[in-house]
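Since this is a predicted model, take the numbers as computed values, not measurements. Every heavy atom of this structure was used, including side-chain atoms; hydrogens, water molecules and symmetry mates were not.
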Amino acid sequence: MRSFLASAAFTAFAFSPGLALAAEGDFLKTLAGDWNGNGTVLTRIGGSPIDVTCSFTSTAGATTLSMRGTCRGLLVVRRSISADLRASDRGYRGTYVGPSGQPSVLSGNRRGNAINLGVRWARVVNGDRTANMSIERVGNDRLRLQTIDKDLSSGKSVVTSRIDLSR
């Protein structure tokens, strides 16, 4: 009986919100720093991908992640991009401001080394206002930002942006 009580106490302590948030803070701090890289972006599903070169600066706190950056494509087009996330015992919530300049709503959870987010666009994009976005740490010094949207005509998921960054 004593071992059961000890096990139950350990489980309750290990999964308490305070410890979960401490683990999130440790993870978020690994995303802080200056990141540079390249990738592709679709301005619309079915269109030709645009090669982009991007740079971001990320800052992290115990429960926050803020990313500010720019992406350049077609040699002359430059767009500012930002994301602000806050972790709580219910997951992540925040905003994303992309090329349109309008804030979109983010919400989701972390699984392993990736924060998986649902996006509620500020305006209609590719026929609707929803997509999925992930911020994934790949090894110690790489980061992948990816957006997946649904092609409404086929029902298939399409990667609409994928940017691979390194420190």
Side-chain angles (χ1 to χ4, degrees), residues 17-45 47 49-50 52-73 78-139 142-152 155-167:
L19 288 179
L21 286 178
E24 289 309 305
D26 292 341
F27 174 74
L28 291 171
K29 289 175 186 170
T30 68
L31 305 179
D34 294 324
W35 301 90
N36 298 289
N38 53 46
T40 58
V41 173
L42 289 176
T43 56
R44 64 181 168 75
I45 291 177
I50 298 171
V52 294
T53 301
C54 303
S55 62
F56 288 90
T57 298
S58 297
T59 56
T63 59
T64 60
L65 175 66
S66 178
M67 298 180 77
R68 302 277 181 272
T70 58
C71 289
R72 183 182 307 267
R78 179 183 168 138
R79 298 286 188 253
S80 295
I81 299 168
S82 66
D84 292 295
L85 292 172
R86 178 171 297 279
S88 74
D89 57 341
R90 291 183 298 259
Y92 283 86
R93 293 210 173 291
T95 58
Y96 166 78
V97 178
S100 75
Q102 299 175 0
S104 299
V105 177
L106 301 172
S107 63
N109 294 289
R110 178 167 68 97
R111 174 178 246 161
N113 287 330
I115 301 172
N116 299 302
L117 302 160
V119 182
R120 174 84 175 146
W121 299 121
R123 60 181 176 82
V124 173
V125 175
N126 292 314
D128 65 8
R129 294 183 64 178
T130 61
N132 294 303
M133 180 183 291
S134 64
I135 303 168
E136 180 182 8
R137 192 181 82 215
V138 182
R142 292 187 10 221
L143 193 61
R144 176 171 296 138
L145 308 176
Q146 184 166 271
T147 306
I148 298 175
D149 208 342
K150 185 174 280 191
D151 180 352
L152 296 180
K156 294 182 180 180
S157 294
V158 176
V159 175
T160 55
S161 70
R162 180 176 168 164
I163 302 167
D164 291 311
L165 305 163
S166 59
R167 291 189 211 259

> Nearest 0.5 Å, what's the CZ-OG1 distance between Arg86 and Thr63?
Replying inline: 4.5 Å

>> As an exercise, state the distance from CE of Met67 to CG of Leu145, rounded to the nearest 0.5 Å.
In response: 5.0 Å

Table please: side-chain donor-acceptor pairs of residues 92-108 below 3.5 Å, with sequence neighbours left out.
from: Tyr92; atom 1: OH; to: Glu24; atom 2: OE1; distance (Å): 2.4
from: Ser100; atom 1: OG; to: Gln102; atom 2: N; distance (Å): 3.1
from: Ser104; atom 1: OG; to: Ala122; atom 2: N; distance (Å): 3.1

>> Could you check whether any side-chain heavy atom of Asn126 comes within less than 4.5 Å of a side-chain heavy atom of Arg44, counting everything from C-beta outward?
In response: yes

> Ser157 and Ile148: which non-hydrogen atoms are nearest, and at how many Å?
Replying inline: CB-CG2, 3.7 Å

> Strictly by modelled atom types, are Ser134 and Asn116 linked by a side-chain donor-acceptor pair under 3.5 Å?
Replying inline: no

>> Using side-chain heavy atoms (C-beta onward) and a distance below 4.5 Å, is Val119 in contact with Val125?
In response: no

>> Looking at every heavy atom in both Phe27 and Asn113, which two are closest together, and how far apart are they?
In response: CZ-O, 3.6 Å

>> With a 3.5 Å distance limit and no angle check, can you tell me whether Arg129 reaches the backbone of Trp121 through a side-chain donor-acceptor pair?
In response: yes

> Atom CG in Leu42, atom CG in Asp149: separation rounded to 0.5 Å?
Replying inline: 10.0 Å

> Does Thr30 have any side-chain hydrogen bond (donor to acceptor under 3.5 Å, both in side chains) partners at least two apart in sequence or in another chain, and if so, which?
Replying inline: Arg137

>> One pair to check against side-chain contact (heavy atoms from CB on, under 4.5 Å): Thr130 and Arg120. What are the steps and the verdict?
In response: CA-CA 5 Å; Thr130 61; Arg120 174 84 175 146; 4.3 Å; yes

> Taking all atoms of both residues into account, what is the closest heavy-atom pair of Leu165 and Gly37, and its distance?
Replying inline: CD2-N, 3.4 Å

> So how far is it from Gln146 CD to Asn132 CG, rounded to the nearest 0.5 Å?
Replying inline: 10.0 Å

>> Can you confirm whether Cys71 sits close enough to Val41 that some side-chain heavy atom of one is under 4.5 Å from a side-chain heavy atom of the other?
In response: no

>> So, using side-chain hydrogen bond (donor to acceptor under 3.5 Å, both in side chains) as the criterion, who are the partners of Thr147 when residues are at least two apart?
In response: Ser161

>> With rounding to the nearest 0.5 angstrom, report the CG to NZ distance, Asp151 to Lys156.
In response: 9.0 Å

>> Suppose we screen for side-chain contact (heavy atoms from CB on, under 4.5 Å). Which residues come up paired with Ile50, at least two apart in sequence or across chains?
In response: Thr43, Val52, Leu74

>> Walk me through whether Asp84 and Arg68 qualify under side-chain contact (heavy atoms from CB on, under 4.5 Å).
In response: CA-CA 9 Å; Asp84 292 295; Arg68 302 277 181 272; 3.0 Å; yes

> Got a sec, which residues hit side-chain hydrogen bond (donor to acceptor under 3.5 Å, both in side chains) with Arg167, two or more places apart in sequence or on another chain?
Replying inline: Asp141

>> To the nearest 0.5 Å, what is the distance between CG on Asp164 and CG on Asn38?
In response: 7.5 Å

> For the residue pair Thr70 and Arg78, what are the closest heavy atoms and their distance?
Replying inline: CG2-NH2, 3.6 Å

>> Is the shortest side-chain heavy-atom distance between Thr64 and Thr59 below 4.5 Å?
In response: no

>> The criterion is side-chain hydrogen bond (donor to acceptor under 3.5 Å, both in side chains); which residues satisfy it with Asn36, sequence neighbours excluded?
In response: none

>> For a quick test of reading the model, state the closest non-hydrogen atom pair linking Leu28 to Ala62 and the distance between them.
In response: CD1-O, 4.3 Å

>> If you compare all heavy atoms of Leu65 against all heavy atoms of Ser58, which two are closest, and at what distance to 0.1 Å?
In response: CD1-CB, 4.2 Å

> Does any non-hydrogen side-chain atom of Phe56 lie less than 4.5 Å from one of Leu143?
Replying inline: no

